[in-house]
Amino acid sequence: QSPTTLPDIVNAIDHMEMTNEAYINVGNTPLYSPQVIDEYKTMGPGNRNEYPDTDWQKITLNKSAMMQNHHIGIMAGGDRIKLMSSLSYLDQDGVLPNTNFKRYNLRLNTDIQLTDKLSGNLDLSLRRTDGKEPSVGPGYMFQFLRSNNATNPAIFSNGLYGEGYNGENPLARAHDGGLRTDKNLLGLINIGLKYKFNRVLWVEANYASRFSDAHSKSFFRRIQMYKPDFSPGMAVPGVSSLSDQFSRSWYNNMRTTIN
């Protein structure tokens, strides 16, 4: 899979010239001087550390992401038993770095005719999901992919991160800003027995249970960013932090019906 639609982003020189035009249209002084624009044109190609021309989408987003989905199903039956079971697996990477989702499904449905008057059923469902993404979340990532313009430095030639827009550098956050992981387990079971005394009188008993277990962990790593002369600039967030959340629930239901 790959991004379906991405906006066309202007380069650094076009951004400066269009910004100046917008300032002039509302009666303000141009933001970028002719000297700065000329320096970008003449010196920029050989010195992107001081004259960045950043395509934030190109350097941050993956061009494509792997996705695989596998499914196995079994159906069998006879006069007294019917069975259907399935097992599936999904593994999906995202177009954002360090983004992945996995899902495992198991289902079992059985109907059994134990005697001429007694029948039963057993239904079982298990689902496990594992998710991973940058700790700031995809909403943040796309917001600042749009907020950062081409004159904001993302990464310098020596591998140090630039400050981006007001210290918000989605490239740095995606690769070194920490991760959020979510692991969820959900189980459902339904057991039923039905006894027919005759054509009009029967009794049925059912037991249903639902179990869920969720674990969410978020780690925000402090990232030091740098100015074009490689001196320390802003660092975000102020301190590294870790949060860990667990939740577990178990519901049971029993019902008897006589008709």
Side-chain angles (χ1 to χ4, degrees), residues 1-67 93-100 133-179 220-237:
Q1 61 179 1
S2 58
T4 53
T5 303
L6 292 174
D8 294 328
I9 306 299
V10 298
N11 60 32
I13 294 174
D14 287 342
H15 169 77
M16 291 186 288
E17 292 177 342
M18 295 171 70
T19 300
N20 282 350
E21 182 178 347
Y23 272 55
I24 293 172
N25 288 342
V26 294
N28 292 331
T29 303
L31 181 62
Y32 301 97
S33 68
Q35 179 184 355
V36 170
I37 296 177
D38 288 340
E39 288 179 355
Y40 251 90
K41 292 178 180 179
T42 58
M43 303 176 64
N47 185 4
R48 287 304 180 198
N49 288 333
E50 293 192 29
Y51 304 96
D53 190 3
T54 309
D55 187 333
W56 286 91
Q57 293 180 159
K58 184 176 181 180
I59 66 171
T60 304
L61 299 179
N62 297 322
K63 293 182 179 180
S64 61
M66 178 68 73
M67 180 175 68
D93 289 329
V95 295
L96 290 171
N98 286 319
T99 303
N100 178 264
E133 65 184 25
S135 56
V136 291
Y140 164 95
M141 296 293 297
F142 282 102
Q143 175 186 350
F144 286 99
L145 281 176
R146 303 292 181 264
S147 300
N148 272 286
N149 64 67
T151 65
N152 298 136
I155 189 168
F156 297 115
S157 58
N158 59 4
L160 298 177
Y161 288 116
E163 291 185 299
Y165 171 71
N166 198 28
E168 298 296 347
N169 185 330
L171 177 68
R173 293 276 200 161
H175 289 281
D176 293 301
L179 296 175
F220 292 84
R221 178 185 285 119
R222 183 177 183 269
I223 305 172
Q224 179 64 58
M225 302 181 193
Y226 295 84
K227 300 181 182 299
D229 61 0
F230 307 141
S231 62
M234 301 181 69
V236 292

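Computed over heavy atoms, backbone and side chain alike; hydrogens, waters and symmetry mates excluded.
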Over all atoms of both residues, closest heavy-atom pair of Asn152 and Thr54: O-OG1, 2.9 Å
Side chain proximity check, Asp93 to Asn62, heavy atoms < 4.5 angstrom: no
Atom OH of Tyr23: over 12 foreign heavy atoms under 6.0 Å: no
For the student: nearest non-hydrogen atoms of Arg222 and Ala235, plus distance: NH2-CB, 3.3 Å
For the student: nearest non-hydrogen atoms of Asn148 and Gly164, plus distance: OD1-C, 3.3 Å
Full working for side chain to side chain contact (heavy atoms under 4.5 Å, CB included) between Arg146 and Gln57: CA-CA 9 Å; Arg146 303 292 181 264; Gln57 293 180 159; 3.0 Å; yes
Inter-residue atom distance Ile13.CD1 - Lys41.NZ, 0.5 Å rounding: 6.0 Å
Side-chain heavy atoms of Asn49 within contact of Pro153, under 4.5 Å: no
Shortest non-hydrogen contact between Gly94 and Ala65, atoms and distance: O-CB, 3.5 Å
Rounded distance [0.5 Å steps], CZ in Phe144 versus CG in Asn169: 11.0 Å
Distance in Å, Asn11 CG paired with Met16 CE, rounded so as to fall on 0.5 Å steps: 8.5 Å
Heavy-atom check, side chain of Pro232 versus side chain of Tyr226, under 4.5 Å: yes
Ring center gap for Phe230 and Phe156 short of 6.0 angstrom: yes
Considering all heavy atoms, the nearest Tyr161-Gln224 contact: CB-O, 4.5 Å
Any Thr99 side-chain heavy atom under 4.5 Å of Pro134 side chain: yes
Spacing of Thr42 atom OG1 and Ile37 atom CD1 [to the nearest 0.5 Å]: 12.0 Å
Pairwise side-chain contact, Phe142 with Leu61, heavy-atom cut-off 4.5 Å (strictly under): yes
Side-chain touch Val236/Arg173, heavy atoms, less than 4.5 angstrom: yes
Atom of Thr60, atom of Met141 and distance for their closest heavy-atom approach: CG2-CE, 4.0 Å
NE2-CD1 distance between His175 and Ile59, expressed to the nearest 0.5 angstrom: 8.5 Å
Interatomic spacing from CG in Asn20 to CG in Asn25 - rounded to 0.5 Å: 10.5 Å
Contact check, side chains of Tyr40 and Thr151, non-hydrogen atoms, under 4.5 Å: yes
Non-neighbouring partners of Asp53 that pass salt bridge (charged side-chain N to carboxylate O under 4.0 Å, His left out), sequence neighbours left out: Arg48
